[in-house]
Student: 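Handing you a structure now.
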Amino acid sequence: MGILKGLKILDFSALLPGPMATMIFADLGADVIHVESSKRVDLTRIMPPYDDDHEAYIHQHLNRSKKSITLNLKSPEAIDIVKSLVQEYDVIIEGFRPGVMQRLGIGYEALKEINPKVIYCAITGYGQTGPYSNRPGHDNNYLSLAGLLDYSRHKDKKPVSMGVQLADIAGGTMHAAIGVLAAALHREKTGEGQFIDISMTDAVFSLNAMYGAAFIGGGRVPQPEQEILNGGSYYDFYKTKDGRFFSVGSLEPQFRKLLCEALDIPELIDNTFNDSYYTQIRFKEAVHDAFLSKTYEEWLEVFNEDFEGCVEPVLTFPEACEHPQLKAREMIVTIPKSDGTMQKQIASPFKFDGTQPEYKHVGAKLGEHNEEVLLYLGFNAEQIKALKEKGVLE
């Protein structure tokens, strides 16, 4: 039995932040219905590569174990269906711009009248208030305004577009998931629902936990490659003789000693990250030169599984999939498809004592569960056919 069994969620979101949050919930046993539109298709459905049925792997991952229904939310009948579902599916997650759900008649206040216990989570780029509340944006825009990117780069170089969508996931997904679970606990205690306003910009601004705190409290402006953890010390990435990279995080004295011994620079063992900037640069240059003296494979022999000095290779994603630690943690699983075949996907990272994540099926085809959901609500076959003909079910 999933640890979140009994939590019922209507997911009106698309792309990454909301769907990944509801995937986390579905993995942990929640019942999730993804409300979609055939006229405004989720872009993850059409992002290659595709399987043999022309279904996108990205969508099948982010939307696993969820039911899919397609509703024309501009029709009164579709709104009535949503309101019926909210009697039981009383956690709402949506990612529209502020005001859209209200105009459709299914905003928080409207749904709260139907079910006072409803938990409503709105994920937006800038939040429900403020001068940017209706401004469009993407991951790199939110990171830019939050002040992270300026000091997360090399000196005199532009910020790097990251492969992982930090604002979407660390900002949107994770904060939405925490907010919903906090609201659910509050509801258990009080019987009250909650509106949750998640701004991805707010959330990633809060990630400035170290250098942001140093600036607000002490006036120190974080600079590129000047801080302990952004390349200002030897805590960094180093190129090997054949062009691969290793990460070095040997900050503590015991780890620094092991690093210096492994690199054959014992004369630098007594350096610390509190030394002068000049000394730090000298240490970093010595580490840089040492790594260039051997190939990637040669350094793997040095920094093997017995080495405990906080040095690891920068792996490609295929290499990460085969790493013994990730394999031991079973971070790739097989998920059933509707045709009975199986598909490999990234597993849930949650490990509980006594309960396991549930993987019912890969992301459903568009509108795959229309009839199932409507039959559950009490509609008969003729009524469902009429809704299809009228365009209520897109």
Side-chain angles (χ1 to χ4, degrees), residues 1-2 4-14 18-19 21-23 25-42 44-45 53-55 59-60 62-94 101 104-107 110-120 180 184 193 335-341 343 358-394:
M1 180 184 293
L4 291 183
K5 186 175 178 60
L7 195 68
K8 294 189 173 185
I9 300 170
L10 284 184
D11 179 6
F12 292 87
S13 66
T22 54
M23 179 190 75
F25 293 138
D27 286 345
L28 299 182
D31 183 351
V32 182
I33 296 177
H34 194 187
V35 182
E36 303 185 79
S37 168
S38 63
K39 304 290 176 62
R40 189 172 179 267
V41 177
D42 187 338
T44 63
R45 282 194 176 275
D53 294 326
H54 206 70
E55 295 287 329
H59 183 275
Q60 289 182 317
L62 290 172
N63 292 281
R64 66 184 174 211
S65 299
K66 308 173 194 175
K67 300 182 181 75
S68 170
I69 63 171
T70 48
L71 293 177
N72 175 7
L73 294 177
K74 294 182 179 179
S75 70
E77 293 92 340
I79 298 304
D80 288 340
I81 290 170
V82 170
K83 289 179 176 179
S84 295
L85 284 168
V86 169
Q87 299 286 354
E88 289 188 42
Y89 287 79
D90 54 7
V91 176
I92 310 296
I93 295 183
E94 57 102 338
M101 292 285 276
L104 291 171
I106 46 175
L111 298 183
K112 185 180 178 181
E113 289 184 8
I114 298 165
N115 185 348
K117 293 185 177 182
V118 70
I119 294 170
Y120 189 111
V180 167
I335 314 292
K337 298 177 64 177
S338 57
D339 61 5
T341 61
Q343 182 183 110
E358 297 180 348
Y359 307 111
K360 297 175 184 175
H361 51 76
V362 302
K365 294 181 180 180
L366 192 64
E368 183 176 335
H369 299 97
N370 281 352
E371 290 190 14
E372 178 184 328
V373 172
L374 291 177
L375 288 170
Y376 172 79
L377 289 176
F379 288 83
N380 60 39
E382 288 186 4
Q383 290 171 317
I384 294 172
K385 181 181 178 182
L387 290 173
K388 288 180 182 177
E389 292 174 348
K390 195 172 181 180
V392 176
L393 303 177
E394 292 187 337

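This is a predicted model, so every value here is computed, not measured.
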Student: Apply the test side chain to side chain contact (heavy atoms under 4.5 Å, CB included) to residues L393 and L71: give CA-CA distance (whole Å), side-chain angles for both, the deciding distance (0.1 Å), then the verdict.
Tutor: CA-CA 5 Å; L393 303 177; L71 293 177; 3.6 Å; yes
Student: Any salt bridge between R45 and E36, counting N to O under 4.0 Å?
Tutor: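 Judged by the 4.0 Å cut-off on N to carboxylate O distance, R45 and E36 do form a salt bridge.
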Student: Please give me the minimum heavy-atom distance between I79 and L104, naming the atom from each residue.
Tutor: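 That would be CD1-O, 3.4 Å.
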Student: Could you note down all residue pairs passing salt bridge (charged side-chain N to carboxylate O under 4.0 Å, His left out) where residues 358-368 supplies at least one of them, sequence neighbours left out?
Tutor: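 Sorted result for residues 358-368: empty, none.
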Student: Consider side chain to side chain donor-acceptor pair (under 3.5 Å). Of K67, Q60, H59, which one does N63 pass it with?
Tutor: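 With N63 as partner, side chain to side chain donor-acceptor pair (under 3.5 Å) holds for just one option, H59.
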Student: Atom NZ of residue position K112 - does it have more than 12 heavy atoms of other residues, nucleotides or ligands inside 6.0 Å?
Tutor: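 Result for NZ/K112: open.
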Student: Hey, what do you get for CG (D31) to CG (L4), rounding to the nearest 0.5 Å?
Tutor: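 Here the rounded value is 12.0 Å.
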Student: Between I106 and Y120, what is the shortest heavy-atom contact and its length?
Tutor: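 Looking at all heavy atoms of both residues, the closest pair is O-CE1, 3.7 Å.
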Student: Once side chain to side chain donor-acceptor pair (under 3.5 Å) is applied, what residue pairs with a partner in residues 384-394 remain, sequence neighbours excluded?
Tutor: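 Applying side chain to side chain donor-acceptor pair (under 3.5 Å) to every pair that reaches into residues 384-394, excluding sequence neighbours, yields S37-E394, E77-K390, E371-K388.
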Student: If I compare all heavy atoms of M101 with all of I92, which pair ends up nearest, and what's the gap?
Tutor: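 In terms of heavy atoms, the two residues are closest at CE-CG2, 4.5 Å.
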Student: To check you understand the geometry: which heavy-atom pair defines the closest contact between K66 and L62, and what is its length?
Tutor: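 Smallest heavy-atom distance, with atoms named: NZ-O, 2.9 Å.
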Student: Is there a side-chain contact between V91 and F25 (heavy atoms, below 4.5 Å)?
Tutor: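 No, every pair of side-chain atoms sits at 4.5 Å or beyond.
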Student: Decide yes or no for F379 and I81: does some side-chain heavy atom of the first lie under 4.5 Å from some side-chain heavy atom of the second?
Tutor: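 The answer is yes; the side chains approach within 4.5 Å.
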Student: Tell me the closest heavy-atom pair linking A26 and V32, and the distance in Å.
Tutor: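 Minimum heavy-atom contact is CB-CG2, 4.0 Å.
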Student: Keeping N370 on the side-chain end and T70 on the backbone end, is there a donor-acceptor pair under 3.5 Å?
Tutor: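 Here the side-chain-to-backbone pair exists.
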Student: Is the closest side-chain donor-acceptor distance between S65 and D27 under 3.5 Å?
Tutor: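 On atom types as modelled, these side chains do not qualify, holding no pair under 3.5 Å.
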Student: Considering non-hydrogen atoms only, spot the tightest contact between I114 and Q87 and give its length.
Tutor: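 Heavy atoms only, the tightest pair is CG2-NE2, 3.3 Å.
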Student: Within a strict 4.5 Å, meaning less than it, do heavy atoms of the V35 and L85 side chains meet?
Tutor: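 Of all side-chain heavy-atom pairs linking L85 with V35, none is under 4.5 Å.
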Student: Check whether D53 reaches the backbone of E55 with its side chain - one donor and one acceptor, N or O, closer than 3.5 Å.
Tutor: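 Side chain of D53 to backbone of E55, a donor-acceptor pair under 3.5 Å: no, none is there.
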Student: Please report the interatomic distance CG(D90) to NZ(K8), rounded to the nearest 0.5 Å.
Tutor: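 D90 CG to K8 NZ: 9.0 Å, rounded to 0.5 Å.
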Student: Kindly indicate whether the side chain of I384, heavy atoms from C-beta on, has any atom under 4.5 Å from the side chain of L375.
Tutor: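 They are in contact (side-chain heavy atoms under 4.5 Å apart), so the answer is yes.
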Student: Does S68 offer a backbone N or O that forms a donor-acceptor pair with the side chain of H34 under 3.5 Å?
Tutor: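 Flag not set: sc H34 to bb S68 has no pair under 3.5 Å.
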Student: Under a 3.5 Å distance rule, please check whether E113 uses its side chain to pair with a backbone N or O of A110 as donor and acceptor.
Tutor: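 Between the backbone of A110 and the side chain of E113 there is no qualifying donor-acceptor contact (under 3.5 Å).
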Student: Quick one: CG on L377 to CD1 on I69, what's the gap to the nearest 0.5 Å?
Tutor: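 Reported to 0.5 Å precision, the distance equals 8.0 Å.
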